[in-house]
Amino acid sequence: MRTLIKHALAATEPTESLTVKGWVRTRRDSKGFSFLELNDGSCLANLQVVVDAGTPGSEHLPHLTTGASVTVDGNLVPSPAAGQKWELRATRIELIGQAEANYPLQKKGHTPEFLRTIAHLRPRSNLFGAVFRTRSRLALAVHQFFQDRDFVYVHTPIITGSDCEGAGEMFRVTALKGNIDDKPQTDFFGRPTYLTVSGQLEGETFACALSNIYTFGPTFRAENSNTARHAAEFWMIEPEMAFCDLEGDMALGEEFIKAMARFALEKCAEDLGLFNKFVDKGLNERLKFVVERPFVRVPYTEAIEILTKAGKKFEFPVEYGLNLQSEHERFLTEEHFKSPVTVFNYPREIKPFYMRLNDDGKTVTAMDVLVPGIGEVIGGAQREERLDQLQENMKYHKLKPEDYWWYLDLRRYGTVPHAGFGLGFERLLMFLTGVQNIRDVIPFARTPGNAEF
RNA sequence: UGCUCAGUCGGAUAAUGAGUAGUCCGCCCGCCUGUUAAGCGGGAUGGUGCUGGUGCGAAUCCAGCCUGAGCAGCCA
C-alpha cells in the first residue's frame with residue numbers, strides 16, 4: 001500500500017513499513033549511505049530518504065539521479081538533523097525508471113520561460129507543482145462558494161451557433177472539407193458554428209428558471225492577443241442571478257474575490273508560502289488586505305474625474321466616453337485607492353447591447369472589478385430586462401433582433417431584473433498566486449502560434 | 001497586430017575594436033562520520049536560432065526569417 005508523501009510528512013508518530021513512490025529531486029552521498037530527496041507531487045515538500053550501503057536495491061543508487069522514479073520501503077523515524085521533522089530509513093529501494101543524463105530539470109531554479117518550453121515536465125518543478133495544486137483546490141473553492149449559496153451549476157454549450165456578444169473573433173467549428181463558407185447549411189449543424197466565447201446568454205435562460213446559476217468551463221477567443229493575461233482557451237466562471245440588480249451583482253463579485261483569497265490563505269498555505277517567497281514577496285500581505293478591507297466602488301464618471309485631476313501623464317487620453325485603459329485601471333487600483341476597485345455605470349456606447357440602460361439615458365449598469373497587479377478580473381452587468389429597450393439597444397449596436405429571438409423571449413414571458421458577471425479563472429489564479437503570466441497558471445497554454453502540447 | 005528588447009553546451013551565464021568561445025550547475029570517477037539546491041578533488045561530453053551577405057577571418061557587422069520576452073490594443 002503506497003503512502004503519499006504529504007501523509008508521511010504529516011505523521012504524528014514513527015511508523016514502521018511504509019512504501020512511498022515518487023521522483024528523485026536530488027541525491028547526496030556520504031560515506032556508507034546516501035540521502036534522497038523524494039517528491040511525489042502530493043505536496044511541495046520532499047521526503048528525505050536515508051539509504052544505507054547494503055540496503056536491498058542500493059546497488060542501483062548511482063542511477064538514482066535527478067528525475068528518476070523510485071519505490072522506497074522503509075520506516076518513518078524522527079530526523080536527527082535539522083531541516084525536516086521526519087525521514088524515511090529505507091529497507092528496500094527499487095529503481096522504476098531511470099532519468100537520462102540530459103534531464104532538463106535541474107535542482108537549481110529555472111526561468112518560467114524555459115519551463116514553458118517543457119510543459120510536459122514543468123509540473124515536476126516546485127513552482128508549477130504549487131501552481132497546479134492551487135488551481136485544483138481553487139476550482140473546488142469556486143464550486144463550494146456557489147453551491148453554499150444555492151446556485152445551480154449549468155453546463156452551457158461549448159459549440160454555439162451565435163456569436164452572442166457580437167464581439168470577439170471566434171473559432172469556427174466545422175465538419176466540412178474545402179471552403180467552409182460555401183454552403184454552411186450543408187455543414188454538420190446546418191449552420192455556421194463556433195466555439196463559445198461566453199455562456200452568458202444561455203446562462204440567462206437558466207437563471208430565468210432556476211433563479212441563481214453559475215457556469216464554470218472552457219471558453220475560446222480567436223483574438224491575436226499576445227499579452228501576459230490573454231489566452232485563446234481559458235476557463236470562465238459566469239454566475240447569473242434572477243431578481244437581482246447591479247448592487248447585488250457587485251456585492252456578489254466582491255464577496256467572491258474575498259472568499260477566494262481567504263480560501264487560498266487557509267487551504268493552500270504551503271504552496272502560497274512558495275509564491276510569497278519566490279514569486280511575489282507582497283502576496284500574503286495583499287491577500288490579507290483584500291480579505292479584510294471593503295472594496296472601493298466608484299462610478300465611471302467619478303473615475304474619469306479622479307484620473308483627470310491626478311496630474312499624471314497617461315499615454316492614452318482620459319475622457320468621458322472612452323474606455324479605461326490598462327494604465328488607468330492600474331493607477332486607480334494600485335496608486336490612487338491601493339485596493340481592489342469596482343467601477344460601475346459606464347457610457348452605453350462602449351458596452352454591449354445586453355446591459356441595462358440607466359435612467360440618465362447615457363450610462364448602462366456595467367461593472368468591472370479591478371485588482372492590483374492584474375487589472376480587470378471581473379466584468380459584469382445588470383441585464384436589460386425590458387423588451388422594448390433591449391430591442392432598441394440592439395438597433396443602437398446594429399444587431400439583428402431575429403438572431404436573438406430566444407434571448408428576447410426571456411423578456412416576453414415573465415421577464416425579471418437579473419444580473420451576472422464573467423470572471424477569468426486564470427486571472428483569478430494569477431491574482432492569488434502572484435504569477436505574472438497567464439501561460440503559467442494553465443497546464444498547456446493555447447496562445448497564437450502555440451499548441452505544441 | 002503594433003512598438004521595444006533578446007536568442008551562446010541539457011540548464012544559468014561570460015567574451016574582444018571581428019582573431020583558439022570561458023565559467024558555474026548537471027553528467028562520469030574518486031574522497032568525505034548525518035547531508036539540506038551538501039562539500040572537496042579530478043575528468044569527459046557538449047554550444048553561438050535559421051538563411052544569405054560583407055570580411056583573410058563573423059557569436060560579434062548587415063539583411064530577411066523564425067522563436068521568446070516586455071509593453072499596448074481586443075478582453076476574462
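Keep in mind that what you see is a predicted model, and the values were worked out from it rather than measured. Heavy atoms only: backbone and side chains are in, while hydrogens, waters and symmetry mates are out. Just so it is clear: chains get the letters A, B, ... in the order the sequence lines come, proteins before strands, and each one is counted from 1.
Across the protein-nucleic acid pair, A:R221 atom CZ and B:rC75 atom P stand 9 Å apart, rounded to whole Å. Going from atom CG of A:L47 over to atom C1' of B:rU35 covers 15 Å, rounded to whole Å. Atoms CZ (A:R439) and C1' (B:rG68) sit 9 Å apart, rounded to a whole Å. Atom CZ of A:R28 is separated from atom P of B:rG39 by 10 Å (rounded to the nearest Å). Going from atom CD1 of A:I378 over to atom P of B:rA76 covers 11 Å, rounded to whole Å. Taking atom CZ on A:R124 and atom C1' on B:rA37, their separation rounds to 18 Å, with Å as the unit. Taking atom CZ of A:F114 as the reference point, atom C1' of B:rG7 lies 14 Å away to the nearest angstrom. A:D368 has its CG atom 10 Å from the C1' atom of B:rA76, to the nearest Å.
Only the C1' atoms considered, B:rG11 is 23 Å distant from B:rC29, to the nearest whole Å. One P atom belongs to B:rC24, the other to B:rC40, and the distance between them is 11 Å to the nearest Å. Look at the C1' atom in both B:rA38 and B:rC25: the space between them is 14 Å, to the nearest Å. Nucleotides B:rG47 and B:rG53 have their P atoms positioned 24 Å apart, rounded to a whole Å. One C1' atom belongs to B:rC71, the other to B:rC28, and the distance between them is 46 Å to the nearest Å. Spacing between B:rU36 and B:rG68 at atom C1', rounded to whole Å, works out to 35 Å. Nucleotides B:rG49 and B:rA12 place their P atoms 14 Å apart, quoted to the nearest Å. For the C1' atoms, the distance from B:rU8 to B:rC50 is 15 Å, rounded to whole Å.
A centroid separation of less than 6.0 Å is found between the aromatic rings of A:H328 and A:F314. Ring pair A:H143/A:F145: centre-to-centre distance not below 6.0 Å. The aromatic ring centres of A:F171 and A:Y194 sit 6.0 Å or more apart. In this structure, the ring of A:F234 has its center no less than 6.0 angstrom from the ring center of A:F425.
Side-chain nitrogen and oxygen atoms of A:R427 include none within less than 4.0 Å of the OP1 or OP2 phosphate oxygen of B:rA76. Residue A:T66 places none of its side-chain N or O atoms closer than 4.0 Å to OP1 or OP2 of B:rG26. The phosphate of B:rC32 has neither OP1 nor OP2 within less than 4.0 Å of any side-chain N or O from A:S30. Note on A:R27: every side-chain N or O is 4.0 Å or more away from OP1 and OP2 of B:rA38. Put simply, A:S326 has a side-chain N or O that comes within less than 4.0 Å of OP1 or OP2 on B:rG73. OP1 or OP2 of B:rG26 sits under 4.0 Å from a side-chain N or O of A:K107. Taking 4.0 angstrom as the limit, A:R116 places none of its side-chain polar atoms (N or O) nearer than this to OP1 or OP2 of B:rU67. The shortest distance between the side-chain N/O atoms of A:R330 and the OP1/OP2 oxygens of B:rA72 is below 4.0 Å.
Not a single donor-acceptor pair under 3.5 Å links the side chain of A:N393 to the backbone N or O of A:Y354. The closest donor-acceptor contact from the side chain of A:N276 to the backbone of A:N284 lies under 3.5 Å. Using a distance-only test at 3.5 Å, with no hydrogens or angles considered, a donor-acceptor pair links the side chain of A:E384 to the main chain of A:L357. Remark: side-chain polar atoms of A:K281 are paired, donor with acceptor, to backbone N or O of A:K277 under 3.5 angstrom.
Of the candidates B:rG70, B:rA76, B:rA37, B:rG70 carries the atom nearest the A:A228 side chain, counting heavy atoms from C-beta on. Comparing B:rU35, B:rA12, B:rA37 by their closest approach to the side chain of A:E87 singles out B:rU35. Between B:rC28, B:rU33, B:rC25, one nucleotide has an atom nearer to the side chain of A:Q106 than all others, and that is B:rC25. Side chain of A:E113, nearest nucleotide from B:rG68, B:rG34, B:rC27: B:rG68. Closest to the A:F234 side chain, of the nucleotides B:rA76, B:rC27, B:rG34, is B:rA76. Considering only side-chain atoms of A:S79, the nucleotide from B:rA76, B:rA72, B:rG34 that sits closest is B:rG34.
Among the atoms of the strands shown, base atoms are found under 4.0 Å from some heavy atom of A:T227. Residue contacts for A:T26: at a heavy-atom cut-off of 4.0 Å it reaches the sugar-phosphate backbone alone, with no base atom in range. Within the nucleic acid shown, A:P80 comes within 4.0 Å of at least one base atom, counting heavy atoms only. Using a 4.0 Å heavy-atom criterion, one finds that A:Y103 contacts no nucleic acid atom at all.
Checking A:N437 against A:Q325, the closest nucleotide of RNA chain B that is more toward the 5' end is the one next to A:N437. Residues A:F33 and A:L105 each lie close to RNA chain B; by heavy-atom proximity, the contact nearer the 5' end of the strand is made by A:L105.
Remark: A:F206 CZ to A:I213 CD1 distance equals 8.5 Å, nearest 0.5 Å.
Each of A:M355, A:Q382, A:E349 was evaluated against A:V364; a single residue qualifies, A:M355, per the side-chain contact (heavy atoms from CB on, under 4.5 Å) test.
A stacked arrangement is not assigned to A:F35 and the six-membered base ring of B:rG34, the conditions of a centre distance below 5.5 Å and an interplanar angle below 30° not being jointly met.
Between the base of B:rG10 and the side chain of A:E100 there is no donor-acceptor pair shorter than 3.5 Å. Side-chain to base pairing of A:Q84 with B:rU35: one donor and one acceptor N or O lie within less than 3.5 Å of each other. In this model, no side-chain donor or acceptor of A:R229 finds a partner on the base of B:rG73 within 3.5 Å.
Annotated as anti: B:rG73, whose glycosidic dihedral deviates from 0 by more than 90°.
Consecutive Watson-Crick or G-U pairing (both distances under 3.5 Å) extending over three or more pairs maps onto RNA chain B as B:1-7 with B:66-72, B:10-13 with B:22-25, B:27-31 with B:39-43, B:49-53 with B:61-65.
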Let's go through A:E254 and A:T342 carefully: what are the C-alpha distance in whole Å and the side-chain angles of both, what is the deciding distance for side chain to side chain donor-acceptor pair (under 3.5 Å) to 0.1 Å, and is it a yes or a no?
CA-CA 8 Å; A:E254 293 164 359; A:T342 308; 2.8 Å; yes

